Every structure is written in C-alpha cells, then in structure tokens.
Amino acid sequence: MREITFAQALDEAVAEEMRRDERVITLGTDFTGNPHKEFGPARVRFTPISESVLTGMGLGAAGCGYRPIVNWRMVTFSFVAMDQVVNQASKIRYMFGGQADFPVTYRCSTGGGMNLAAQHSQSPYSMWMHVAGLKIILPATPADAKGLLKSAIRDNNPVVSFECSRLNAVAGPVPDGDHLVPLGVADVKRSGSDVTVVGLAYYVQEALAVAAELAQEGISVEVVDPRTLVPLDVETIRASVRKTGRLVIVDEAPPTCSAAAEIAAAVVEDSTTFRALKSAVQRVCAAPVPVPYSPTLEKAALPDRAAIIAAIRCTLK
Amino acid sequence: MREITFAQALDEAVAEEMRRDERVITLGTDFTGNPHKEFGPARVRFTPISESVLTGMGLGAAGCGYRPIVNWRMVTFSFVAMDQVVNQASKIRYMFGGQADFPVTYRCSTGGGMNLAAQHSQSPYSMWMHVAGLKIILPATPADAKGLLKSAIRDNNPVVSFECSRLNAVAGPVPDGDHLVPLGVADVKRSGSDVTVVGLAYYVQEALAVAAELAQEGISVEVVDPRTLVPLDVETIRASVRKTGRLVIVDEAPPTCSAAAEIAAAVVEDSTTFRALKSAVQRVCAAPVPVPYSPTLEKAALPDRAAIIAAIRCTLK
Amino acid sequence: MADGNDALIALLRNMILIREFDELALNLREGGKIYGTVHPYVGQEAVAVGVCANLTDADRVTSTHRGHGHCIAKGADIKRMMAELFGRVDGYCKGKGGSMHIADFAVGMLGANGIVGGGLPLATGAALAAQLDGKGNVAVCFFGDGAVSEGEFHEAMNISSVWKLPIVFVCENNQYAANNAVAVQHRNVDLALHAGSYGMPGLTVDGNDVLGVREVSRTAIERARRGEGPTLLECKTYRWYFHAMRAVRPPETRPAEEIAAWKARDPIARMSTELISRRVLSESDLGGLQRQVRADLEAAVAFAEASPFPDAGDILVDMFATA
Amino acid sequence: MADGNDALIALLRNMILIREFDELALNLREGGKIYGTVHPYVGQEAVAVGVCANLTDADRVTSTHRGHGHCIAKGADIKRMMAELFGRVDGYCKGKGGSMHIADFAVGMLGANGIVGGGLPLATGAALAAQLDGKGNVAVCFFGDGAVSEGEFHEAMNISSVWKLPIVFVCENNQYAANNAVAVQHRNVDLALHAGSYGMPGLTVDGNDVLGVREVSRTAIERARRGEGPTLLECKTYRWYFHAMRAVRPPETRPAEEIAAWKARDPIARMSTELISRRVLSESDLGGLQRQVRADLEAAVAFAEASPFPDAGDILVDMFATA
Ligand SMILES: Cc1ncc(C[n+]2csc(CCOP(=O)(O)OP(=O)(O)O)c2C)c(N)n1
Ligand SMILES: Cc1ncc(C[n+]2csc(CCOP(=O)(O)OP(=O)(O)O)c2C)c(N)n1
Ligand SMILES: [Mg+2]
Ligand SMILES: [Mg+2]
C-alpha cells in the first residue's frame, strides 16, 4: 500500500471529493495542497479573516444545495464563530423540523506539543460533542484521516473534522481508490486482554507504543481508537472493557467534561460493563491549565508515555 | 429569615457589592432591579448588542483595576463572545505569568422548560468547565444565589454565573446582612443513606421533591448540590457516594461531555469510591437534541421526577 | 412603474394579513393557546411586503426574532405558520421551532432566527449559492438596528462586497433594540451610512411607505441580479408595541408622543388611502379584503387546533439527515 | 513641535532596537534557541515607535501576534522579553507565554495576542477604565489590516464612539494578512474610511515616517485625553519578511518589485538621514547607537540564557488569583 502523510491524506480527501461532486466548494484564509489550481477561484475561496461569517455562509450555502468545506485552520479561531456553530449549525435541521439538509464540513487543527502556547494549543472537541447536533471526526492515522474526511464531506449533516497537528507529518499506509471510513465506527487498533486504553488522535500512537513496550513484560493492552466522537461507538468501547475489566483513557485535552470524561461515564452507566470493571477508571489528560509555552512546562502539561504506563499499572494493582 | 425570590436575591447581590466597592461596574443591554437609578450611568452601562466587545471590555477593565459585571442575559448570547471567553478570559492570567488579576464576573441565564425552543433553552455549562481558567457558579436556591454571586464579584478571577431561569420566581429564606457562600463548597441539601442524587440548579429542587416522595417508601436519598462547578467539590460528592454506594446525577443539559459526565468520571476514578459503588451510575439528562418548542416535545426532552425516580430505582435493583 | 391593480392590492392585502396575524398571535399568547415569546411586527409591515414584492421563490431571505411578517411576505402558508405557533405536527417545523424559528425553504424563507445578527451569515451563504448557481437569483437579509452593533453584520457586509455577492442587506431601523433607543447603540443613527466603508451603495427609505420600499429595494435587487454586488438598504420604521411578550403584555416605556406620531404614519392606512384615491380600490373593497383576511386567519387557527401535538416518542426524529 | 535632540534620537534608537531584536529573534528561532512561531515586525518599526512616543506608562496598549515592536516601544525590558522567548522563569510570563503573549502591565503593555482582532475588546476595556479614572489617560489598540475583517473590530469601534472612550485604533496596514493582499480582504483598501460610519475621525499616515506617525497620532491621542472620543488611525506600511516562521524561513510569495519599493522606504534609513541632515546625529553617533543596541541585545541573550527553565512542578502556579 502507498504510504503518505496525514496532511497529504487530508488534502487528497478534499481533492477527490471536489473532483467527484462539483457542489463541493471550500472556503478559508489559506489552503494546503493548492486546490485553487485545480478547481479555480469560484470553488476555492480565499477569504478575509472573518470566521463567523464564513461559518454561517458554509451553513447557508449548504442549505441551498452546495457542500461547503469551511477551513477554520486552528480550532482556536473557531471560537469567534461559535454562535454560528452552537446556535445555528447544530440546531438548524432539527429546529426547522428536518425540512432541509445542511451538508457542511468544518475543518480545523488541534493539539499542543509544538510550543505554540495557550491560544494555539487547544483540543476542545468535548465542547462540540456536548452541543447536540454536530457529527465529529478525530482521526489518528493517515488512512482514517482520508477515509473519515471523505465520509464527512459526503455526509448530509454539519460535520466537524478535528485534525491533530502533531500527526501532520506522520506517514502511514492508505488504501488506493475511493477509500472511505464510515462515521461512528471505532477501531480496535491493537487487541489485548488485560486493560483497555482508549486513545484519541496523537495518543492512539502513543498508546500503541506503550502497548508494545508493556507486552514485553507480559501486560496485554487493547488499544481502542474511537475515530468518530459523534456518533461515539460506545458499544465497541464497552465490549473491550467487558473483556479486559480495566480502562484508561488518554487525551491531551484537560480532563474536566472532556471526551475522556464522557467515555468514563458511558462505561460506568452500563450495568454489565460496570460489573465487569475491576478497578477505578484512569484518565490521562492534560493538566487543567492553558498549555504553556516553555518546553519544560508544556511537557509537564501534556500526557506522555510515562503517564500512560503509570495509569495502566494503577488499574492492574 | 426573610423570604425573597431567586431573581431578587441576585439583584441584591449586585446592589450590595456595588455599594460596597465603587470599582464594581456593570454592563448589559438591560438590567433587572434598576441599578442605574442608584449607581448612575457611569457605573451602570446600557450597551449596544455587542457581546463580544463587552466580554473583552469587562476583562480589559478588570485588568486595569475595575471589577466589572458583564451581563450576557441568556447564555445563548454569550456564544458570539466565545473567543473572548475561551481565548482571552480563561487564559490571560496564567499565560501572562500571573502579573495581573482579572476580577470580572459574567452573568447569564440558562435552562429550558418555558417553551422558548432550541436557541433560548440552553444549559451548556460544561463547555465552560472544560476550558481551564474560569470559575463557575450554578446556584439552586435564593440564599445560594445571593451568597455565591457576592463571592463571585469579590473573587479576583473571571467567574461565570449561570442562573437557571426556571428558578427566578422561586422564593426562599435568605440570611440578612452580608451573606456570602464560598466558591468551591458543595452543599448536602438532604442527608440520606441509600443513594446519592447530585442535582444541578432547578433539578436540586426536583431531587428534593423526589427524595421526600421516596422517603415514604423507606428509600433514603441524599441530595448533593455542587453549587460551584469550578472548583468542583469532588470530595463531598465522593464522600456521599462512599456512604450510599449509589449515584444518580440530574441535569437538564444533554449528557455528552456534560457536568454529569464529569461527576460520574470523578467518582469512578477514585479507587476507594469506585470500590464503594454498588451499581452503575445513572445520568438523568436532557435528550441529545436542541430543546424543542412544543410542550409535548419539550417535556420529553427534559428530565422530570419520573425519570429521576426510575434512575434511583435502577441503582437499587 | 406600470402595475396591475392586482399587484397593488396584493401589497395592501399582505400588510393587512401580517398585521392581523400578529394581533391575533398576541391574543392567542395572552390566552395561553400558544407558547414562548411573541415579537409583534405591527407597524413595520411595509418593509417585508415592499421588499418581498420583488422576489420569487428562488430568491432567499433570512429573518429575525420578529419574523412573522417576513414569512408571510415571502409567501409562507399562514395555516402552517399558525400550526407552528400552536406547537403542532402540521406546523412548518412540526412544532419544534415555534414563533422564533419558522422557516419554509420551499418558498425561499430560510428561517426566523433568535440570535440578533445570526441570520446575516446564513443569508450571505445563500447569496454565495446564488452566485455559484449563476441564474440571477438573490438573497435578502432582514435585520434590526440592534443587529448593526454585532460583529456578524460587519463581516457579512465586508465579504459580500469583496465577492460582489448578490445580496441586499435590509436594516429595519425601528428606532429601538428592545428598550434601547438607536442613539444608545450608535453614534450615527442613519445606519445606511455604513455602506460607504464597504464600497457598496447605501440607500434609505421611508419604511412605512410600501411603494417606496418596493421601488428602492427593486433598484438594489436588480443590481444584485445583474451581478453588481450588494446594497445596504435602511428602512426607517417603528414598532407599535412592546419588544416582546410572554404571558402578559409588558408596559410601554417609550414616549407617548413618539408612538402617536408614528401611528399617524400607519403604512396600512397610507396604502389604503393611496389605493382608494387612485380608485384601485373602494372603501367596500377594503372592507371585503379585511373580512377575507380574518376569515383566512380563522381557518388557520382551526387548522392549527385540529392538528395533533407531536408525539413524545418522536423526540429524536429530524436530528440527523441520513448520509 | 519643539523637540529635544534626545527625544529624536530615542525614536531612532527604539526603531533600531526593534529591528535588531527581531532579526536576532529570527536567527535564534532558526538556531533552535527559542520555540514556537516568530512574527517579525521588521519594516513596520515607525508605527509602534511613533505612536508610543506620545504615551506614558499610565496609558495602555494592546498588541497582536506581531508584538515585539509594540512591547519595546511601550518601554518593556528587552532582557525579560528575551527570557520569555527563551521560555525561562525570568521572562515576562515566566516562560508561560512566549513570543505571542508578552505583556508588561507595569508599563501599560497589556499583551500581545494570538487572536486576530482579539486585543480590540481588551483595549476598549482599558479605555473604559481610563474614562472612569478620569485622569486623562488613554488606550491604544494596535492591529493589522487583516483584523479589520473581524467582527470585534466593528464592535469595538462602535461602542467606543457611542461612549466617547479615550482610545486610538491604530491599524497597521502592511498590505497583507498572511498571504492575502489587502484587496483580497477589503473592497476599500483605505481602511481609515471605516471611521466615518462610526462618526469618528479617520486619519491616514505614512507608516514608514516615524515623525509623521508621531505627529498624527498625537492629534488623536490628545483628542482622546480631552475626552472627545476615539480616532481610527491607519498607518500604511509593509513587512519586509514572511508572515511568520517556525523552524525554517518560508519562501517569499510577494512580488519582488513591491518588496524592493517598500525597502527603499526603510523607516530607519529615512529617520537616520533626517537626523544626520538636521545635524542631530553624526554618522559615527549612528554607528555608536547601533553598537549599543547590539551590546544591549547580547546582554539580553546572556540574561535569558542564564535564567533557568521553569520547574515542571510549578505547572499549576499562576492559574488563579487568591480571592
Ligand atoms: C446575540 C443576541 N444578543 C441579544 C439578544 C436578545 N435580544 C433579542 S431581540 C433584541 C433587540 C433587537 O433589536 P433590533 O435588532 O433592533 O430588532 P427589533 O427587535 O427592533 O426588531 C435583543 C437584545 C439576542 N437575541 N441575540
Ligand atoms: C481569529 C483568528 N483567525 C485567524 C488567525 C490566523 N492568523 C494569524 S495572523 C493572521 C494574519 C493577520 O493579518 P493582519 O491582521 O494584517 O496582521 P499582520 O500579520 O499583517 O501584522 C492570521 C490569518 C488568528 N490568529 N486569529
Ligand atoms: Mg430595532
Ligand atoms: Mg497585515
């Protein structure tokens, strides 16, 4: 299979979908992969720095037959557009009784680890998860990035694509042809029997590295990648926990009301899964601070392999 | 003790703090309790409908020695100001190394139950909880409303005051004099031994009603009101669960990544509390939809006493 | 312009229908038959009617919290509007939306909106779609003087002008945003002035003169249809009643003389007089028109009352489109 | 105006210091000594220096992602700035902020800001505080041509004008927002035009002429000090380099002639020539000045390198003020 980077995979997804359907258009202050060269200025729009109107325009044009991809670039910049996300995009279909569809895709990058400091190192997916009415993808590999983003663009609902910056340069195999990954299906990235580690984005890779390391001491770690945050494939996660009896969740957002909190709650509110659980759930998340700039502090703020290993050992005690 | 409504209690809190400290000022498109009559137009500012600049102005003026209270009115309207909340207010102190304090209070109303439909029936506190750097209050009684809001105004950090609309007309005793309730201290509103019900805002009252009802069949319900969402008094909640062995959380936000999810996660990640837990945790939350207008649907969307009772019985099975 | 009498009468009829619809809505709300908040459009009828007279179903509008007038003027069915207010399954939103969220995509009415300024980006998106379609259709965005203070106004104006989108920004300056007079919100109370900095035309019109509104907005709409870009149109008008009501009508806070002066400029009386003086209509025709409107509204209420409440079990229906 | 030579020399010295600071920062970033993103201010020095020459520590400014120049011009200590870039405990933010978040509240520098437009509301709040204080102090808000597209610009302009806040909005129109030329973002590329719709004066000045900037901004600042309200000041300028760099310098995408034309209008060369021709300074004084600046920067780097990295155990320090 071809090996391409995460960033290339995302660019390919956009280009293929734009080729496939001319109603797909894209708006942003800048683009990777030069789509304007192939698709021209009508469909690829360089915009003023006006995220709020762009977000609403994407939604409005979607309601009028187009399939816009709005690129906020960093998730940080989407906060100026939050009204259009929370009050409009997430509610518009239901509130209007389903009379129209709104096939718009919002893309943005997330995450820390590159010394970009508080404002440019955010992973706030749980804020979008909480708002009922948005689908959300969060891929961890180039193949999933391509397959999920293509599915997102074809989906007839507002979908938010969170794209972890630290993964951009990571290369991996991507199937040829029209590679699609369905929304709402988690992926067991490594099978194991002692403890379930649910990792998100960059931390899927880290969890896999930890699993390989711990395998040498005979600890069998199952790594589950939800891939889609809404709809969340709770059943795959619960099934894994029923098998292993132990749960660690790893993500770089702060823990409070996070995706990690949701996964913990979803597991312990199911009777069968709760009864199968042998030890306290462990969340390995960021320190509850804005991500600091200095390397020593940023390292202290974000999860690392040592923290994942410590949490796993804790569940095995 | 004097009985006043929740709404009056909040008005009194503002008036008393404005009397006490002339650096307290307030900004909003409208005010209850006519503070402009007593404090004049310099300190009580009627504003254009510009929540984003108001939010940042409050923060900026706080950094320059004032203690602004910015009233967004409905939480809905704060979403146009989310950049100033997430990217500025929550990060500014830490990001600048603690060189200044930002004593600003943001107030808004929350909740459904009044047929105001999707955009005007929101309870998204968990989105603010997730963002590290904001303190958050959510009172359920007139006394707590007054005492917490006064503490919020005196706090030297950005504090968000979520004020449940359905409680506005509820009356209750409020101590005379300078009544303060400290931030970060939960309140066991009713003591019991069989099951812990953590209620938020309006649902504290509902949980108490349910507790009284179930007491007649010999089920002893402990009702815990966190009152402050950040800092969350996890220890009081965990202690209650260690006593009762069962946990139900009731709130009108949708469940995903909610305060209820956080409380569930905080309980099951503590080993001792986890071991004391006898049955699966139950979340009684809103349906994962924008709140619908029609009475039959709104009733179906929001939790009610029957749902609380069913959840309690479920934990006792 | 050369008008058939029918077109002129339709303008008057639509204004009367809007007024009677909202008077009725207030009564129904007081009577507890409908729920939530009602924002009456009474006094401003000439704006919606005058502008929408230039539009077809393929042109799209966005509206505000005060949206009934725009819905009716854009051609929505009052039966389904009424059923929506009653929270019934035959309402436009199957009872999920209520007064503040009525939409009828089939006639190009993209929805009322509970967020001040919230419709502006959506309308801009509709204009982008119209531009890409290339069929000469346009988008029209209705909003209040209050919305001009929101950032979304500015962003929508700016990008529309840079991209020459086929859109008309219709500011209904009714002198107040809730309880705040326009001078509390803006230094320049002539809001059409904002057009200049975006390099687009700014027009002002007497918003109580339906023929004037129709004519001036036609200029702007035709410009948009020709691909020459957006226009900001300010319609000076006034709301006769309170900002909004829930269970009870709130007390009046504005100066009595101000209200009286604006009521003397009633857009409906003015158009009636005009049509009678032009002999387009007789006094008795007018009476007939009014009776017909009331009959239609009674039928709408009957339709709404006959429609069932949504089933609680359908709570999750309409959440997501199938992919 | 009557200037001491010292004041004139200070203007030149500050511009040189800013330029050399940023040239050094780029090298340090390339060398991996500092982290994250650096946005060089080279070419725009006259704006920060000319405006801040009229301010005292009691006046407050907000800045942008391209903030080093504003910090230095407002009187921040380059040692602590450098230590911040190095991520050390003696940095202004104790290493928590880095290049995009340097602040020095003691000299009225309320912070760089990574959000385009994000500083405008904060500055408006500082202006409100100054108005309430009633001591004639002002706020100044620096922002780029790109920020003019954001809603926060409009909201800040509007409320400042309605409340006559003592604030000056300084738009540094450097012709680009990242890779987008100003004409991609705005139909009117003369951004001072926006002032009119808010009923405030709009001034334009050659942003590469430090004396001109100082004079024109003084007018605006004095107006604000007198309580007469805000001004929008557009400074036409140009950034010499790329928008930003991380590990490597990105390739140039702008026309070579355009860059050359603007470099020919170097604000520092211009002011040097001016002062030499006025005999305020000799060529050799200028050389001395430049050597002094370099020595100061070397000392700053030494200070930064001597400062320890923050202790990982302090990760929670500074989160919340004690109540
Ligand atoms: C973003 C936002 N802020 C505040 C409100 C509350 N609100 C609803 S209508 C209104 C006044 C709107 O005034 P205007 O735009 O002039 O419209 P009008 O009511 O006069 O038709 C306000 C403040 C809101 N709905 N949305
Ligand atoms: C709200 C927001 N959107 C996008 C960005 C990304 N961004 C950073 S700087 C920049 C260009 C800013 O241009 P301008 O305001 O002209 O300032 P300049 O860089 O020219 O100094 C962009 C798009 C951001 N930081 N914030
Ligand atoms: Mg109005
Ligand atoms: Mg620029």
Side-chain angles (χ1 to χ4, degrees), chain B residues 22-23 25 27 41-43 45-66 68 70 80-81 83-84 86-89 91-104 132-135 151-152 154-159 182-184 230-231, chain D residues 60 62 84 89 91-98 100-106 108 110-134 137 139 150-160 162-163 165 310 316-323:
Chain B
E22 64 174 21
R23 293 168 308 159
I25 60 174
L27 316 177
R43 292 177 65 202
R45 303 247 173 174
F46 286 86
T47 72
I49 314 175
S50 309
E51 290 83 358
S52 188
V53 75
L54 292 183
T55 302
M57 283 179 84
L59 189 65
C64 298
Y66 287 85
V70 175
V80 301
D83 164 50
Q84 291 293 322
V86 173
N87 290 326
Q88 315 294 340
K91 299 182 172 42
I92 196 165
R93 183 176 207 280
Y94 184 82
M95 182 168 81
F96 288 167
Q99 65 181 283
D101 292 344
F102 298 89
V104 55
L134 304 167
K135 294 190 180 182
S151 294
R154 289 192 205 176
D155 196 277
N156 281 327
N157 298 284
V159 183
L183 304 192
V230 179
Chain D
R60 287 156 175 141
T62 62
E84 190 58 35
V89 295
Y92 269 115
C93 311
K94 305 181 189 163
K96 296 203 179 78
M100 250 184 299
H101 307 300
I102 303 181
D104 180 358
F105 278 58
L110 304 194
N113 206 311
I115 310 301
V116 170
L120 285 137
L122 298 172
T124 312
L128 173 61
Q131 185 180 66
L132 289 165
D133 286 343
N137 297 318
E150 287 283 5
E152 291 181 342
F153 164 77
H154 171 69
E155 295 189 11
M157 292 281 286
N158 187 55
I159 202 165
S160 296
V162 174
W163 292 359
L165 294 180
L316 298 179
V317 172
D318 295 327
M319 261 312 277
F320 287 109
T322 50

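Values in this document were obtained by computation on a predicted structure and should not be read as measured data.
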Considering only heavy atoms from C-beta outward, does the side chain of [X] approach that of [Y] to under 4.5 Å?
X: B/Met57; Y: D/Leu165; result: yes
X: D/Phe320; Y: B/Asp101; result: no
X: B/Val53; Y: D/Leu120; result: no
X: B/Leu59; Y: D/Leu122; result: yes
X: D/Cys93; Y: B/Met95; result: no

I need the minimum non-hydrogen distance between [X] and [Y], along with the two atoms involved.
X: B/Ala61; Y: D/Ala129; answer: CA-CB, 4.4 Å
X: D/Tyr92; Y: B/Gln99; answer: O-NE2, 3.5 Å
X: D/Gly118; Y: B/Gln88; answer: CA-NE2, 3.7 Å
X: D/Leu132; Y: B/Arg45; answer: CD2-NH2, 3.8 Å

Aromatic ring pairing D/Phe105/B/Phe102, orientation class (parallel under 30°, perpendicular over 60°, tilted between):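 Perpendicular, since the angle between the ring planes exceeds 60°.
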task: Measure from the side-chain N and O atoms of B/Gln84 to the backbone N and O of D/Pro121, and report whether any donor-acceptor pair falls under 3.5 Å.
output: no
- request: Give a yes or no on whether the backbone of D/Ala321 and the side-chain of B/Asn157 come within a donor-acceptor separation of less than 3.5 Å.
  value: yes
For [X], is it the side chain, the backbone, both, or neither that has a heavy atom closer than 4.5 Å to a heavy atom of chain B?
X: D/Leu128; value: side chain
X: D/Asn113; value: side chain
X: D/Ala139; value: neither
X: D/Gln131; value: side chain

- line: Note: vs chain B, highest number of non-hydrogen pairs under 4.5 angstrom among D/Asp104, D/Val317, D/Leu110, D/Ile115 is D/Ile115
message: Below 4.5 Å, heavy-atom pairs only: which of D/His154, D/Lys94, D/Glu152 has the largest tally toward chain B?
response: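 Highest number of pairs under 4.5 Å: D/Glu152.
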Part of [X] within contact of chain D (heavy atom distance under 4.5 Å):
X: B/Thr47; value: both
X: B/Leu183; value: neither
X: B/Ala81; value: neither
X: B/Ile49; value: neither

task: Under 4.5 Å, counting heavy-atom pairs only, tell me which of B/Leu134, B/Ile92, B/Val80 racks up the most with chain D.
output: B/Leu134
Pairwise distance OG(B/Ser50) to CE(D/Met157) - rounded to 0.5 angstrom: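 It is 13.0 Å, given to the nearest 0.5 Å.
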- prompt: Can a cation-pi geometry be assigned to D/Lys96 and B/Phe96, taking NZ or CZ under 6.0 Å from the six-membered ring centre and within 45° of the ring axis?
  reply: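 No, a cation-pi geometry is absent between D/Lys96 and B/Phe96.
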